[in-house]
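One structure is given here, and the rest of the page talks about it.
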Amino acid sequence: MDEYQIFEKHYEQIREQVKNDPYAQSLGIRLTKFEAGTAEAALEVQSHMVNAYGTVHGAVIYAVADHAFSVACNAYGKTSLGLSTTIQFIESAKPGDKILARAT
């Protein structure tokens, strides 16, 4: 059975596991797309997520990206761990903004 067949056969079970990530839930990150090797996660920035300058804390942005990455990597039912990641902050976000992360 190849990885895509595993994804197809166990889609609901894998989706429930990655959708119910406790840390992502604690931040309010929602899984908006889940396909074989692809995921999308979204978060609406809340006022308590900002730093001393009134912009969203970089750790919050990273958490959304990391969740999408994790879901995409684990879509085939095998536990996968990231060894190294890099992020570039292109633009700041403020409360009320929506952060969307896509991973393939």
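None of the values given here were measured: they were computed from a predicted structure.
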Q. Sequence neighbours excluded, which residues qualify as side-chain contact (heavy atoms from CB on, under 4.5 Å) partners of Glu44?
A. Gln46

Q | salt bridge (charged side-chain N to carboxylate O under 4.0 Å, His left out) contacts in which one or both residues fall within residues 20-34, not counting sequence neighbours | A | none

What pairs of donor and acceptor atoms, side-chain ones from residues 90-104 against any protein atom, are under 3.5 angstrom apart with sequence neighbours left out?
residue : atom : partner : partner atom : Å
Asp97   : OD2  : Lys94   : N            : 2.8
Arg102  : NE   : Glu40   : OE1          : 2.7

Q. With sequence neighbours left out, what residues match Gln25 under side-chain hydrogen bond (donor to acceptor under 3.5 Å, both in side chains)?
A. Asn20

Q | Path from Ile87 to Leu81 over hydrophobic side-chain contacts below 4.5 Å | A | no

Q | Nearest heavy-atom neighbours spanning Ala39 and Leu31 | A | CB-CD1, 4.4 Å

Q) Can Tyr23 be reached from Phe34 by stepping across I, L, V, M, F, W or Y side chains whose heavy atoms are under 4.5 Å apart? A) no

Q | Least distance between heavy atoms, Ser80 atom then Cys73 atom | A | OG-O, 3.2 Å

Enumerate donor-acceptor pairs with a distance under 3.5 Å from any side-chain N or O in residues 52-72 to protein atoms, sequence neighbours excluded.
residue : atom : partner : partner atom : Å
Thr55   : OG1  : Asn51   : OD1          : 3.4
Thr55   : OG1  : Asn51   : ND2          : 3.3
His57   : ND1  : Ala59   : N            : 3.0
Tyr62   : OH   : Thr85   : OG1          : 2.4

